Amino acid sequence: MLYYLFEYLDKILDVPGTGVFQYITFRSALALMLSLLLSTIYGKRIIRFLQKQQVGETVRELGLAGQNEKAGTPTMGGLIIIFATLVPVVLFAKLHNIYIVLLIVTTLWMGIIGFIDDYIKIFKKDKEGLKGIFKVVGQVGLGLIVGTVLYFSPAVTVRTDTSTSDIFRVPTETVILPAPVEEKSTATTIPFFKNNEFDYAELLAWTGEGYEKWAWLIFIPVVIFIITAVSNGANLTDGIDGLAAGTSAVSVLALGIFTFVSGNIIFSNYLNIMYIPNSGEMTVFIAAFVGSLIGFLWYNSYPASVFMGDTGSLTIGGIIAVLAIAVRKEMLIPLLCGIFLVENLSVVLQVSYFKYTKKRFGEGRRIFLMSPLHHHYQKKGYHESKIVTRFWIVAIMLAILSIVTLKLR
């Protein structure tokens with residue numbers, strides 16, 4: 001909203017200095033600072049409100065050290081993240097930008113699903129929370145919305161021919177260059193390869209001429225799968241103090257670099273990557289989101305004063321998935337969100353191996369002492385703080401490696 005006010009002051013009234021709001025970097029910095037302030041200052045008030053409403057965590061008996069001390073700790077702290085993200089976005093972002101609209105819808109959509117889940121656990125005294133089928137339906141519904149908008153909206157275009165703009169050429173003679181073309185495309189990026197654009201439509205090439213118009217049959221299910229997988233991965237990672245918020249902040253910060261360079265014609269030309277018009281505006285949202293996650297850590301670091309609950313974890317996963325898809329970096333998710341992937345895999349492997357051995361030997365056996373993976377290390381006697389710190393370090397390494405793919409091909 002402030003963006004439109006300052007745009008009016010600059011273009012209509014010509015007030016000096018107001019044009020600075022046109023810069024994404026400036027608005028991102030403001031969004032980051034405001035989200036930090038909101039999450040740290042107003043976060044305490046939200047925690048007090050949750051305590052008054054007796055929104056306390058019901059801890060399952062898992063035989064983990066320090067587990068019983070966490071009983072009664074306020075949950076639904078994801079409300080802090082959502083609040084501290086959306087307020088700066090509404091103030092500083094271009095609200096007519098299609099990517100910002102999608103991210104706001106994602107935040108509210110997944111936040112509502114997570115809130116319902118937490119509400120059932122706390123007030124209905126049902127430890128299982130929202131039935132898994134309803135969670136999946138909600139995730140699939142969001143995937144349908146995001147996939148449909150990204151595929152059919154005329155505002156979502158890409159340019160892979162950034163080299164034809166010849167930005168860095170020293171003008172020595174008059175040359176008429178072909179006009180750059182922005183086009184609808186289901187192309188994405190394959191990391192670590194040169195000429196690394198892959199079009200989902202190519203998977204239907206065997207059907208014959210005109211196959212491109214049916215690309216949505218591939219693209220939309222892929223979007224649904226990614227959103228479901230990443231949101232569930234974030235949900236599983238939220239098991240000990242500061243783990244999900246810290247690792248997510250690192251991943252989102254890396255995505256911020258991708259959105260900034262992909263939405264800037266000069267940087268995309270220099271890096272020889274896909275240029276995605278208007279995607280740079282997502283940097284403002286990312287700045288606000290990172291600020292809210294870091295501010296949330298003020299209260300969520302060990303020993304936690306509040307838990308994010310499914311209200312936060314499902315929202316975090318949904319946002320990361322949509323960001324990666326929008327900036328055409330979804331194939332980097334296994335690397336960028338490696339912590340989520342490993343946590344997911346540890347559960348899948350544990351359950352599958354237990355069922356297999358029980359069927360074959362009559363007795364279920366386990367690969368890990370406990371899953372998800374962070375509980376395995378708790379069972380081995382590692383302190384929560386040490387586990388979280390080491391997971392953060394791994395997340396930073398994975399984020400750096402992901403950023404390196406911009407040039408390492």
Side-chain angles (χ1 to χ4, degrees), residues 31 33-62 64-91 104 106-131 134-135 138 231 234-246 248-249 288-319 384-385 388:
M33 289 188 291
L34 181 57
S35 63
L36 276 170
L37 289 173
L38 289 174
S39 55
T40 51
I41 296 173
Y42 286 92
K44 186 65 176 178
R45 298 184 182 183
I46 294 175
I47 292 172
R48 287 174 181 167
F49 173 77
L50 294 173
Q51 288 172 331
K52 287 181 180 179
Q53 300 300 316
Q54 297 182 338
V55 184
E57 180 77 2
T58 303
V59 178
R60 295 183 182 183
E61 183 54 53
L62 301 175
L64 298 171
Q67 179 187 15
N68 293 329
E69 287 81 353
K70 296 185 178 184
T73 302
T75 187
M76 286 191 184
L79 293 172
I80 298 173
I81 298 173
I82 295 171
F83 169 73
T85 298
L86 291 183
V87 171
V89 168
V90 170
L91 289 176
I104 291 174
T106 298
T107 303
L108 294 175
W109 187 287
M110 296 305 292
I112 290 171
I113 294 174
F115 181 85
I116 293 172
D117 186 41
D118 288 334
Y119 182 88
I120 293 173
K121 288 178 182 176
I122 296 164
F123 295 103
K124 300 298 182 181
K125 307 301 180 183
D126 184 352
K127 293 182 180 181
E128 298 300 322
L130 185 65
K131 299 298 182 184
F134 294 116
K135 282 187 185 178
S231 58
N235 189 229
L236 288 173
T237 304
D238 179 35
I240 52 180
D241 302 347
L243 179 57
S248 298
F289 190 41
V290 170
S292 68
L293 289 171
I294 295 173
F296 179 74
L297 279 173
W298 185 273
Y299 301 106
N300 187 238
S301 57
Y302 182 86
S305 302
V306 65
F307 300 138
M308 68 171 64
D310 284 11
T311 305
S313 60
L314 289 176
T315 303
I316 287 172
I319 290 173
E384 278 190 44
S385 297
V388 170

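All values reported here derive from a predicted model rather than from experimental measurement. Below, all heavy atoms of this structure are taken into account, side chains as well, without hydrogens, waters or symmetry copies. This chain uses plain numbering: 1 for the first residue, then up along the sequence.
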Task: side chain to side chain contact (heavy atoms under 4.5 Å, CB included) evaluation trace for Asp241 with Val388 - done: CA-CA 8 Å; Asp241 302 347; Val388 170; 5.7 Å; no

Open item on the list: For Ile316 and Met308: C-alpha separation, side-chain torsions, deciding distance, then whether side chain to side chain contact (heavy atoms under 4.5 Å, CB included) applies.
Closed with: CA-CA 10 Å; Ile316 287 172; Met308 68 171 64; 3.7 Å; yes

- [ ] For Asp238 and Ala244, indicate whether the former's side chain and the latter's backbone hold a donor-acceptor pair under 3.5 Å.
- [x] no

TODO: Please name the pair of heavy atoms, one in Ser39 and one in Gly295, separated by the smallest distance, quoted to 0.1 Å.
DONE: OG-CA, 3.1 Å

Task: Closest heavy-atom pair and its distance - Pro74, Leu50 - done: CB-CB, 4.1 Å

TODO: May I ask you to test the Lys135-Asn235 pair for a side-chain heavy-atom distance under 4.5 Å?
DONE: yes

Task: Closest approach of Phe307 to Asn300 (non-hydrogen atoms, all atoms of both residues) - done: CA-ND2, 4.0 Å

Open item on the list: In the structure I gave you, are the side-chain heavy atoms of Trp298 and Leu36 within less than 4.5 Å of one another anywhere?
Closed with: no

Task: Thr311 vs Asp118, side-chain hydrogen bond (donor to acceptor under 3.5 Å, both in side chains): CA-CA, chis, key distance, verdict - done: CA-CA 7 Å; Thr311 305; Asp118 288 334; 2.6 Å; yes

Open item on the list: If you compare all heavy atoms of Pro88 against all heavy atoms of Phe83, which two are closest, and at what distance to 0.1 Å?
Closed with: CD-O, 4.4 Å

- [ ] Mind listing the closest non-hydrogen atom pair of Gly309 and Thr75 along with its distance?
- [x] CA-OG1, 3.5 Å

Open item on the list: Using a 6.0 Å cut-off, check whether atom CZ of Phe49 has over 12 heavy atoms from anything other than its own residue.
Closed with: no

Open item on the list: A side-chain contact here means heavy atoms from C-beta on lying under 4.5 Å apart; do Met76 and Ile122 qualify?
Closed with: yes

- [ ] Measure the CD1-OG1 distance between Ile319 and Thr106 for me, rounded to the nearest 0.5 Å.
- [x] 7.0 Å

Task: Tyr42 atom OH: more than 12 heavy-atom contacts under 6.0 Å - done: no

- [ ] List the steps, then state whether side chain to side chain contact (heavy atoms under 4.5 Å, CB included) holds for Thr315 with Ile81.
- [x] CA-CA 9 Å; Thr315 303; Ile81 298 173; 5.8 Å; no

Open item on the list: If I take atom CG from residue Leu79 and atom CD1 from residue Ile47, how far apart are they, to the nearest 0.5 angstrom?
Closed with: 11.0 Å

Task: Taking every non-hydrogen atom, the tightest pair across Ala84 and Ser35 - done: O-CB, 3.1 Å

Open item on the list: Distance check, rounded to the nearest 0.5 Å: Ser385 atom OG versus Leu243 atom CG?
Closed with: 11.5 Å

